Number of protein chains: 2
Amino acid sequence: MNGNGDAEADEALSRFVERFASELTEAGMQRMAARVFAALFASETASMTSAELAGQLRISPAAVSGAVRYLSQVNMVGREREPGSRRDRYVLHNELWYEAIAHRDEVLVRWRKILSDGAETLGPDSAAGARAAETAEFFEFVRHELRAMLVRWREHKARGGDASRGGAESGADSGAGSGVDSAASAPR
Amino acid sequence: MNGNGDAEADEALSRFVERFASELTEAGMQRMAARVFAALFASETASMTSAELAGQLRISPAAVSGAVRYLSQVNMVGREREPGSRRDRYVLHNELWYEAIAHRDEVLVRWRKILSDGAETLGPDSAAGARAAETAEFFEFVRHELRAMLVRWREHKARGGDASRGGAESGADSGAGSGVDSAASAPR
DNA sequence: CGCTCACTTCACAACTTTGTGAAGTTAAGG
DNA sequence: CCTTAACTTCACAAAGTTGTGAAGTGAGCG
């Protein structure tokens with residue numbers, strides 16, 4: 001049924017990886033970091049070695065190194081030494097979305113601070129000052145909402161992600177078995 | 001109390017503008033767009049003319065034009081003709097945060113699509129496929145949560161922003177007066 | 001003990017982005 | 001209807017970003 005079936009599959013996988021990476025890039029992520037992330041994401045064990053990444057993405061080891069450094073800094077991947085070898089494996093962080101939201105949290109705190117200071121500078125009885133104060137409040141509101149949202153997502157999942165039929169708007173046609181977390185930390 | 005009080009005030013305002021803009025830039029927004037946005041935000045009427053922007057930010061009219069074009073595209077500012085003059089005024093959009101979230105909504109829809117397709121490509125019984133499907137579901141979840149959040153913000157505001165004690169998790173300690181909307185669409 | 005492989009760092013070149021001056025376009029006002 | 005003021009577009013120069021090859025570093029294996 002497939003002599004070049006593998007090749008076709010690789011081709012399709014690559015298209016998905018590049019498409020996903022392209023979106024992430026557009027959203028502000030560095031290009032190489034996005035590509036590495038997408039490749040890891042699409043890999044069976046959510047983990048790859050430097051050589052595998054370089055090979056699949058057709059980039060130099062240096063580029064892999066740079067991308068991984070960034071992804072480590074923002075806590076999206078971890079590094080594991082492959083036992084009995086001198087190779088590292090880069091592994092998608094278990095609590096991926098948790099980390100992402102946590103990072104957003106820090107940003108919101110910074111923004112809130114700046115806006116509060118700005119409100120003070122502009123004065124409480126100027127429209128501009130009021131606007132700044134209000135926006136600061138909005139960011140604080142969002143911050144708490146995001147935290148609450150993560151809790152609800154956990155519940156949603158725990159309550160059975162597969163019973164999700166009739167989900168949000170028109171029924172998600174996914175059918176995921178394992179969670180992002182568990183899948184990401186899946187057997188290697 | 002102030003002979004050069006105006007100069008000091010301008011200085012302080014400028015610091016706030018540049019600081020805010022810098023954060024927005026770091027978050028992925030074009031630099032000029034961020035600076036123009038911040039300047040509008042910190043202005044008393046949430047609106048300025050091209051000349052005012054160019055003067056305050058020390059940039060060319062061309063740069064203002066480019067920034068405004070971008071901000072219009074993403075629906076953050078509107079353009080109004082100043083009656084009895086041939087000048088335009090650029091005005092912060094009334095429902096600023098609503099627009100921002102709406103934009104995010106579109107992004108989430110795109111991501112969900114890509115991930116659903118990816119899940120199909122990878123196959124439902126591979127860990128990678130399951131991961132993609134699960135993530136697609138997560139994005140859909142977030143999308144609805146964001147919408148719900150906006151509704152709650154409206155309630156929160158309507159209920160009196162100052163009675164906000166006992167917010168989400170540990171109570172927000174803000175205390176703004178007028179709403180972002182109302183302030184942004186304030187009298188000119 | 002030293003060799004070798006894997007990763008990292010560095011300097012540089014290619015590419016992209018960004019802001020400007022100048023020419024072009026449109027519309028108000030004489 | 002022509003002038004002029006305001007905004008926009010265009011080509012280009014400056015600045016910044018990104019990925020590579022090559023040299024450097026250090027840990028495991030013989």
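Since this is a predicted model, take the numbers as computed values, not measurements. Residue numbers begin at 1 in each chain, while the letters A, B, ... track the order of the sequences.
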**Student:** Of Ala33(A) and Tyr90(B), whose closest DNA chain D nucleotide lies nearer the 5' terminus?
**Tutor:**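 Taking each residue's closest nucleotide, the earlier one in sequence belongs to Tyr90(B).
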
**Student:** Applying side-chain contact (heavy atoms from CB on, under 4.5 Å), name anything that partners Ala39(B), two or more places apart in sequence or on another chain.
**Tutor:**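 Here the qualifying residues are Val17(B), Met48(B), Leu53(B), Gln56(B), Leu57(B).
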
**Student:** Is any side-chain N of the basic residue among Glu95(A) and Arg154(A) closer than 4.0 Å to the acidic one's carboxylate O?
**Tutor:**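 Arg154(A) and Glu95(A): salt-bridged.
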
**Student:** Here's a test of your reading of the structure: between Arg31(A) and Ser85(A), which maps to the more 5' nucleotide of DNA chain C?
**Tutor:**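 It is Ser85(A), whose closest nucleotide lies nearer the 5' terminus.
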
**Student:** Quick test of your reading of the model: are Glu82(A) and Arg89(A) salt-bridged, counting only N-O distances below 4.0 Å?
**Tutor:** yes

**Student:** Identify the 5'-most and 3'-most nucleotides of DNA chain C with at least one atom closer than 4.0 Å to a non-hydrogen atom of chain B.
**Tutor:** dG19(C) to dG29(C)

**Student:** Enumerate the protein-to-nucleotides 1-4 of chain D contacts in which both atoms are nitrogen or oxygen and the separation is below 3.5 Å.
**Tutor:**
residue, atom, partner, partner atom, Å
dT4(D), O2, Arg86(B), NH1, 3.2

**Student:** Under a 4.5 Å cut-off applied to non-hydrogen side-chain atoms, are Glu145(B) and Met149(B) in contact?
**Tutor:**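 Contact flag for Glu145(B)/Met149(B) side chains = no.
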
**Student:** If you check the Ser65(B) side chain, which of dT8(D), dG19(D), dT18(D) turns out closest?
**Tutor:** dT8(D)

**Student:** In whole angstroms, how far is the C1' atom of dC7(D) from the CD atom of Glu52(B)?
**Tutor:** 15 Å

**Student:** Looking at five pairs on each end of the helix from dC1(C)-dG30(D) to dG30(C)-dC1(D), what is the angle between the two axes, given to 10 degrees?
**Tutor:**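 Taking five pairs per end, the axes differ by 10°.
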
**Student:** So which heavy atom on Phe16(A) is nearest to which on Ile114(B), and how close?
**Tutor:**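 Smallest interatomic distance, heavy atoms only, reads CE1-O, 3.6 Å.
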
**Student:** Can you see if the side chain of Arg89(B) gets near the phosphate of dC7(D) - specifically, an N or O under 4.0 Å from OP1 or OP2?
**Tutor:** no

**Student:** Which part of the nucleic acid does Arg79(B) contact within heavy-atom distance under 4.0 Å: base, sugar-phosphate only, or nothing?
**Tutor:**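 The answer is sugar-phosphate, as Arg79(B) gets under 4.0 Å only of primed atoms, P, OP1 or OP2.
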
**Student:** Taking CD from Gln30(A) and C1' from dG16(D), how many angstroms apart are they, rounded to a whole number?
**Tutor:**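 Nearest whole value for this atom pair: 13 Å.
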
**Student:** Check the orientation of Trp97(B) and Phe139(A). Use parallel for under 30°, tilted for 30 to 60°, and perpendicular for over 60°.
**Tutor:** perpendicular

**Student:** To the nearest Å, give me how far apart CE (Met32(B)) and P (dG16(D)) are.
**Tutor:** 12 Å

**Student:** Rounded off to whole Å, could you give me the CZ-to-C1' distance for the Arg69(B) and dC7(D) pair?
**Tutor:** 12 Å

**Student:** Between dC7(D) and Arg87(B), is there an OP1 or OP2 to side-chain N/O distance shorter than 4.0 Å?
**Tutor:**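 For dC7(D), neither OP1 nor OP2 has a side-chain N or O of Arg87(B) closer than 4.0 Å.
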
**Student:** With under 30° as parallel and over 60° as perpendicular, where do the rings of Phe141(B) and Trp153(A) fit, or are they tilted in between?
**Tutor:** tilted

**Student:** Let me have the donor-acceptor pairs involving side chains of residues 115-124 of chain A, under 3.5 Å, with sequence neighbours excluded, atom names and distances please.
**Tutor:**
residue, atom, partner, partner atom, Å
Ser116(A), OG, Arg112(A), O, 3.0
Asp117(A), OD1, Lys113(A), NZ, 3.2
Asp117(A), OD2, Lys113(A), NZ, 2.8
Thr121(A), OG1, Asp117(A), O, 3.2

**Student:** Any base atoms under 4.0 Å from Gly66(B), or only sugar-phosphate, or nothing? Heavy atoms, all strands.
**Tutor:**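 It contacts nothing in the nucleic acid.
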
**Student:** What do you reckon, is CZ of Arg58(B) surrounded by more than 12 foreign heavy atoms closer than 6.0 Å?
**Tutor:**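 No, the 6.0 Å shell around CZ holds no more than 12 heavy atoms from other groups.
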
**Student:** Kindly give the heavy-atom pair with the smallest separation between Ala38(A) and Phe20(A), and that separation in Å.
**Tutor:** CB-CD2, 4.1 Å

**Student:** List, one per line, each side-chain donor-acceptor pair under 3.5 Å for residues 102-110 of chain B, sequence neighbours excluded.
**Tutor:**
residue, atom, partner, partner atom, Å
Asp105(B), OD1, Arg143(B), NH1, 2.8
Asp105(B), OD2, Arg147(B), NE, 3.4
Arg110(B), NE, Glu23(A), OE1, 3.2
Arg110(B), NE, Glu23(A), OE2, 2.9
Arg110(B), NH2, Glu23(A), OE1, 3.2

